[in-house]
Amino acid sequence: MKCLQRSQKTLLLAIVLLILLSPASIGESAAASPEVPGTFPRLNDTRKAASDPKADPSIPAGSSSQAAARSQKRAKALTLSQLLRKYPETIKTQGPRLKRIALTFDDVPDPRFTPQILDVLRKHHVKATFFIVGSRAEKHPDLVARIIREGHAVGNHSYSHPEFGKISVKAFRTQIIRTENIIDATAGYKPRLIRPPYGDISEQQLKWAKAHGYKLVNWNVDSLDWKGLSKAQVRNNIVAHAGKGAIILQHGGGGRGSNLRGTIQALPEVISIMRKRGYTFVTVPQMLQVSQEK
């Protein structure tokens, strides 16, 4: 009898163990227990992480394909020095290594300064290159006509002097075409030369200019005259750095309150010093041996 009772107890214990170890009981126990920090997320959490940028700390909130594209574009943008190496026939900062110098004057015409510069150049029999701002040419066509009449070369310096690298190719194109049409009305031709304001341009803009036969002209000697420097400072900034094939940046116009007396006063001395060193003064088209007309 005692053996039978022990067998029944053993059987009951086995049944209880089977119930406790059944898959359903295991699932209920797991579902009821809280997640332990550091364990892998369940499947539905993994899908959320894959579909929700906010769930992934490596993806900034609010990111989008457009933002990624802009970031990628910025990362691929070439510096000016890289553009110079990549497009050496389209963008220039100097001419051949000959004892020639090209004086250039930006932001013209300006009735405060441009006539005085023209007076000095005429007195010393020097031809220079003037980069014209379209909005100013509209207001002072007589000064543009004088520049042309006295034998100087002209180039395109945009219509409103924006920083090209910050505007679209379409806006860049508008700046160039609008200005060249204004110049054409007075000069009788559309200039081939473009000087980007601040020397800045994007690769796509440069490609458009190249495809349409333009030459981009920057400089390799900066007078820094726009700072309102004295005659001695402007002169020294030029003669200390000017060499064979130098393209020198000066200004024949400026913004409200600008002071270019230093440039006007230094110009005769610059001409005299460089001539004594054996240099001749030429226009940019002459230096680069290109037509000034597009």
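These numbers come from a predicted model, not from an experiment.
Of the inter-residue distances, the one linking Gln265 atom CD with Gln116 atom CD reads 9.0 Å to the nearest 0.5 angstrom. Gln292 contributes atom CD, which lies 8.5 Å from atom OG1 of Thr129 (distance to the nearest 0.5 angstrom). To the nearest 0.5 Å, the span separating CG on Leu83 from CG on Leu78 amounts to 5.0 Å. Residue Thr79 holds its OG1 atom at 3.5 Å from CD of Gln82, rounded to the nearest 0.5 Å. Taking CZ from Phe113 and CD from Gln250, the interatomic distance works out to 13.5 Å, rounded to the nearest 0.5 Å. Note that NZ of Lys276 and CD1 of Ile271 are 13.0 Å apart. Values are rounded to the nearest 0.5 Å.
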Side chain to side chain contact (heavy atoms under 4.5 Å, CB included) between Leu267 and Leu103, intermediate numbers included: CA-CA 10 Å; Leu267 193 52; Leu103 297 177; 3.9 Å; yes

Pair Lys244-Tyr279, side chain to side chain contact (heavy atoms under 4.5 Å, CB included): steps then yes or no: CA-CA 8 Å; Lys244 295 178 179 179; Tyr279 286 87; 4.0 Å; yes

His157 and Ile132: CA distance, side-chain angles, deciding distance, side chain to side chain contact (heavy atoms under 4.5 Å, CB included) verdict: CA-CA 5 Å; His157 198 42; Ile132 292 175; 5.6 Å; no

Pair Ser202-Gln205, side chain to side chain donor-acceptor pair (under 3.5 Å): steps then yes or no: CA-CA 5 Å; Ser202 73; Gln205 293 164 350; 3.3 Å; yes

Stepwise side chain to side chain contact (heavy atoms under 4.5 Å, CB included) test for Ile273 and Arg235: CA-CA 9 Å; Ile273 291 169; Arg235 179 196 63 217; 3.9 Å; yes

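Of the possible donor and acceptor atoms, none in the side chain of His140 sits under 3.5 Å from a partner among the backbone N and O of Pro109. Formation of a donor-acceptor pair under 3.5 Å by the Gln286 side chain with backbone atoms of Thr283 is found in this model. Distance alone, capped at 3.5 Å, is enough to place a donor-acceptor pair between the Arg192 side chain and the Gly213 backbone. Gln175 places a side-chain N or O within 3.5 Å of a backbone atom of Ser160 that can act as its donor or acceptor partner. Listed for the Asp106 side chain is no donor-acceptor partner under 3.5 Å among the backbone atoms of His251. At least one donor-acceptor pair under 3.5 Å links the side chain of Asp200 to the backbone N or O of Gly165. Of the possible donor and acceptor atoms, one in the side chain of Asp110 sits under 3.5 Å from a partner among the backbone N and O of Gly254. A donor-acceptor distance shorter than 3.5 angstrom exists from the side chain of Gln233 to the backbone of Ser230, with no hydrogens or angles considered. Judged by distance alone, with hydrogens and angles left aside, the side-chain atoms of Thr179 form a donor-acceptor pair with the main-chain N or O of Ser158 at under 3.5 Å. Judged by distance alone, with hydrogens and angles left aside, the side-chain atoms of Lys92 form a donor-acceptor pair with the main-chain N or O of Pro88 at under 3.5 Å.
The two residues Asp225 and Leu260 have their closest heavy-atom pair at O-CD2, 3.7 Å. Across Gln94 and Asn220, no two heavy atoms sit closer than the pair OE1-ND2, 3.4 Å. Residues Thr104 and Leu249 share a closest heavy-atom pair of OG1-CA, 3.7 Å. Nearest heavy atom pair, residue Gly252 against residue Ile117, reads CA-CD1, 3.5 Å. Smallest separation of non-hydrogen atoms from Lys99 and Arg277: NZ-O, 2.5 Å. Taking all atoms of both residues into account, the shortest heavy-atom contact from Val120 to Ile264 is CG2-O, 4.2 Å.
Using a cut-off of 4.0 Å between Lys/Arg side-chain N and Asp/Glu carboxylate O, Lys210 and Glu89 are scored as not salt-bridged. A salt bridge between Arg146 and Asp119 is present, with a side-chain N of the basic residue lying under 4.0 Å from a carboxylate O of the acidic one. Look at Lys294 and Glu180 and you find a salt bridge, because one of the NZ, NE, NH1 or NH2 atoms lies within 4.0 Å of a carboxylate O, short of that distance.
Tyr189 and Ile182 are not part of a single hydrophobic cluster, where members link through side-chain heavy atoms under 4.5 Å apart. Clustering ILVMFWY residues whenever any of their side-chain heavy atoms sit less than 4.5 angstrom apart, transitively, puts Val108 in the very cluster that holds Val154. Both Phe131 and Val282 belong to a common hydrophobic cluster when Ile, Leu, Val, Met, Phe, Trp and Tyr are linked at side-chain heavy-atom distances under 4.5 angstrom. No chain of hydrophobic side-chain contacts below 4.5 Å, direct or via other Ile, Leu, Val, Met, Phe, Trp or Tyr residues, connects Trp226 to Trp219. Follow the hydrophobic side-chain contacts under 4.5 Å out from Phe130 and you never reach Val284; the two are in separate clusters.
Remark: the Tyr159 side chain and the Arg178 side chain contain an N/O donor-acceptor pair separated by less than 3.5 Å. Counted by atom type alone, Glu269 and Ser272 present zero donor-acceptor pairs between their side chains at under 3.5 Å.
No side-chain heavy atom of Val144 sits less than 4.5 Å from a side-chain heavy atom of Arg149. The shortest distance between side-chain heavy atoms of Val217 and Ile194 does not fall below 4.5 Å. Ser258 has its side chain within reach of Arg112: a pair of non-hydrogen atoms, C-beta onward, lies under 4.5 Å apart. Counting heavy atoms from C-beta outward, Leu121 and Lys127 have side chains that stay 4.5 Å or more apart. Residues Asn156 and Leu193 fail the side-chain proximity criterion, which asks for heavy atoms closer than 4.5 Å. Side-chain contact between Met274 and Thr280: absent, with no pair of heavy atoms (C-beta onward) separated by less than 4.5 Å. Contact of the Thr93 side chain with the Ile247 side chain is not registered, since no non-hydrogen atoms from C-beta on lie closer than 4.5 Å. Counting heavy atoms from C-beta on, the side chains of Pro197 and Phe164 come closer than 4.5 Å.
Centroid-to-centroid, the aromatic rings of Tyr198 and His161 come within less than 6.0 Å.
Counting non-hydrogen atoms of other residues, nucleotides and ligands closer than 6.0 Å to CZ of Arg173 gives a total above 12. Under a cut-off of 6.0 angstrom, the local environment of NE2 in His124 is crowded, with over 12 non-hydrogen atoms contributed by other residues, nucleotides or ligands.
Looking at Trp208, Phe172, Tyr87 one by one, the single match for ring pair (Phe, Tyr, Trp, His ring centres under 6.0 Å) with Tyr214 turns out to be Trp208.
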